[in-house]
Protein chains: 2
Amino acid sequence: MVLARSPDPDVPRAIIAAATRLFAAQGFDATSLQAVADEVSLTKQAVLHHFPSKEHLRQAVLGAILAHWNDTLPRLLLAAAASEDRFEAVFGELSGFFAADPDRARVVLREALDRPAEMRKLLRGPVRPWLEAVAGYIRSGQAAGKHHADVDPEAYVVQVMLFVISAVATASVMQGALDDDARARSDKELARIARASLFTPARPRGGALPTR
Amino acid sequence: MVLARSPDPDVPRAIIAAATRLFAAQGFDATSLQAVADEVSLTKQAVLHHFPSKEHLRQAVLGAILAHWNDTLPRLLLAAAASEDRFEAVFGELSGFFAADPDRARVVLREALDRPAEMRKLLRGPVRPWLEAVAGYIRSGQAAGKHHADVDPEAYVVQVMLFVISAVATASVMQGALDDDARARSDKELARIARASLFTPARPRGGALPTR
DNA sequence: CCTACCGATCGGTAGG
DNA sequence: CCTACCGATCGGTAGG
């Protein structure tokens, strides 16, 4: 009888998921390996078996988010190329990516505050192609007169990405801050700001025009 | 001969200033009282003499930022009431407040991530009158046809405030992320987005219109 | 304000 | 020899 368990590939995954939740809620420094271990009912040493240091665990958490990004966004970009309304497709997928798991937004925003240099590397590296593609869409929209001529395409994309991340990350602050519907109003207004600052008044396709 | 120093009111101020820098850079949990003490060449126990706990020091740091806000913004609001271009006056002062000391933006953003409930209290309390006043300006601008009818005034003000704070707090991420001028481009694009998403096309006063 | 400490907990590593 | 851990404890440092 062999009682030894076979290697369980879900254990590292569960550790990463727990660490993501805790890093998002409290930050990396404020989260102990013991707290991560408690979340998955393991000892601290068991966690250190899978990730030889806390730093390795941090890299794994960021890597999982980036992998998910690389998995989701390119597909969307291809769909957007065929879509009749690229803005709604791209903006919807961008905010959908972070809204699907707000912890992603919180981890990324904390990382930007704690380690700006590493965040800059992500922008210059893995995120760059996606950013350039969307900026390219805006440039062709400008050529067609669909988008404002004074939009700075790259800066616009980076800013809107930052807005979405910040809005999702701090969403709980809005919960009832203005009124009971404050979050829904804020989400809607964010989309409106992104849209209205991009499109020229005579927007060819209807649905989101001012009602007046 | 009395050699004892008279109480120095600048010591607490210097401690708050040092704590603000460290909280902004590393976060509250990752900053030790010893690190704060080292910054002002005191012992940890001396810091605890002025602020009986780390929590008291945190409250003092936030209080100093809020006091500065209450000191600066109402004055601006009165000036804006008389100004010919309220948007530039209000947006300029808002971004100026945080750009004057980016640590303010970083501390506030970290606080929003770490303690959303307390941040919500600020929004519902001390920040509320300022927010309502600016929203009121937007409403009268809408009545005059100057601003888009589908702007949600309160949501717009809160979102733009969040954008400014996030942009200032993460500014170092942008340093050279796109090109050597990335930060200046981002700042300019942020102002453009806030402006273009608010004003109707036929803006009565020139200076910031699209050039085409 | 300092010296001298406390209970606890930190990230990480030992042998088995 | 491997994996997947365990109980115990390392040297330092946390807030107070």
Side-chain angles (χ1 to χ4, degrees), chain A residues 1-64 107 110-111 114-115 118, chain B residues 1-63 107 110-111 113-115 118:
Chain A
M1 292 305 196
V2 178
L3 291 176
R5 278 179 259 157
S6 59
D8 189 347
D10 285 344
V11 167
R13 253 196 289 266
I15 294 172
I16 289 175
T20 302
R21 284 195 300 273
L22 291 169
F23 290 174
Q26 315 168 348
F28 177 78
D29 287 294
T31 301
S32 66
L33 285 176
Q34 188 60 60
V36 176
D38 290 347
E39 278 278 303
V40 288
S41 298
L42 290 176
T43 62
K44 185 178 61 170
Q45 295 82 350
V47 172
L48 284 167
H49 168 75
H50 292 283
F51 302 93
S53 75
K54 201 186 180 189
E55 173 62 21
H56 281 82
L57 182 53
R58 188 181 74 80
Q59 300 279 3
V61 165
L62 284 177
V107 167
R110 284 188 186 278
E111 207 61 20
D114 292 341
R115 294 167 190 83
E118 297 199 22
Chain B
M1 291 304 194
V2 178
L3 290 177
R5 279 181 257 156
S6 59
D8 188 346
D10 286 345
V11 168
R13 253 196 290 266
I15 294 173
I16 289 175
T20 302
R21 283 196 301 273
L22 291 168
F23 291 174
Q26 315 167 348
F28 176 78
D29 287 295
T31 302
S32 67
L33 285 175
Q34 189 61 58
V36 176
D38 290 347
E39 277 280 301
V40 289
S41 299
L42 290 176
T43 62
K44 184 177 62 169
Q45 297 81 354
V47 172
L48 283 167
H49 167 76
H50 292 284
F51 302 94
S53 76
K54 202 188 180 187
E55 174 62 22
H56 281 82
L57 182 54
R58 188 181 73 83
Q59 299 280 2
V61 165
L62 284 178
V107 167
R110 285 187 186 277
E111 206 61 21
L113 287 167
D114 291 341
R115 294 167 191 83
E118 296 199 23

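All chains are named by letter (A, B, ...) in the order of the sequence lines, taking the proteins before the strands, and each is independently numbered beginning at 1.
Separation of atoms CZ (Phe23(A)) and CD1 (Ile16(A)) is listed at 10.5 Å; rounding is to 0.5 Å. The distance from the CG atom of Leu48(A) to the NE2 atom of His56(A) is 11.0 Å, given to the nearest 0.5 Å.
Side-chain proximity of Lys54(A) to dG16(D), dG12(C), dC5(D): nearest is dG12(C). Of the candidate nucleotides dC1(C), dC5(D), dG16(D), dC1(C) has the atom lying nearest to any side-chain atom of Ala46(B).
A close approach under 4.0 Å does not occur between any side-chain nitrogen or oxygen of Thr43(A) and OP1 or OP2 of dC5(D). His50(A) has a side-chain polar atom (N or O) that falls below the 4.0 Å cut-off from OP1 or OP2 of dC5(D).
Distance Arg58(B) CZ to dG16(D) P: 12 Å, rounded to the nearest Å. Counting to the nearest Å, the P atom of dG15(D) and the CZ atom of Phe23(B) are 9 Å from each other. The separation between Leu33(A) atom CG and dC10(C) atom P is 9 Å, rounded to whole Å. Rounded to whole Å, the distance from NE2 on His49(A) to P on dC2(D) is 13 Å. Distance Lys44(B) NZ to dC5(C) P: 15 Å, rounded to the nearest Å. The CD-P distance, from Gln45(B) to dC6(C), rounds to 14 Å in whole Å. Straight-line distance from the NE2 atom of His56(A) to the C1' atom of dG12(C): 13 Å, rounded to whole Å. Between the CG atom of Asp29(A) and the P atom of dT9(C) there is a distance of 18 Å, rounded to whole Å.
Each of Ser32(A) and Pro52(A) has a nearest nucleotide on DNA chain C; the 5'-most of these lies closest to Ser32(A).
Side-chain atoms of Lys54(A) do not come within 3.5 Å of backbone N or O of Ser32(A) as any donor-acceptor pair.
Spacing of C1' atoms, dT9(C) relative to dG11(D), comes out at 13 Å, to the nearest Å. Distance noted for atom P between dG16(C) and dA4(D): 22 Å (whole Å).
The nearest pair of heavy atoms linking Val107(A) to Thr20(A) is CG2-O, 3.8 Å.
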Step-by-step salt bridge (charged side-chain N to carboxylate O under 4.0 Å, His left out) determination, Arg110(A) to Asp114(B): CA-CA 10 Å; Arg110(A) 284 188 186 278; Asp114(B) 291 341; 2.7 Å; yes

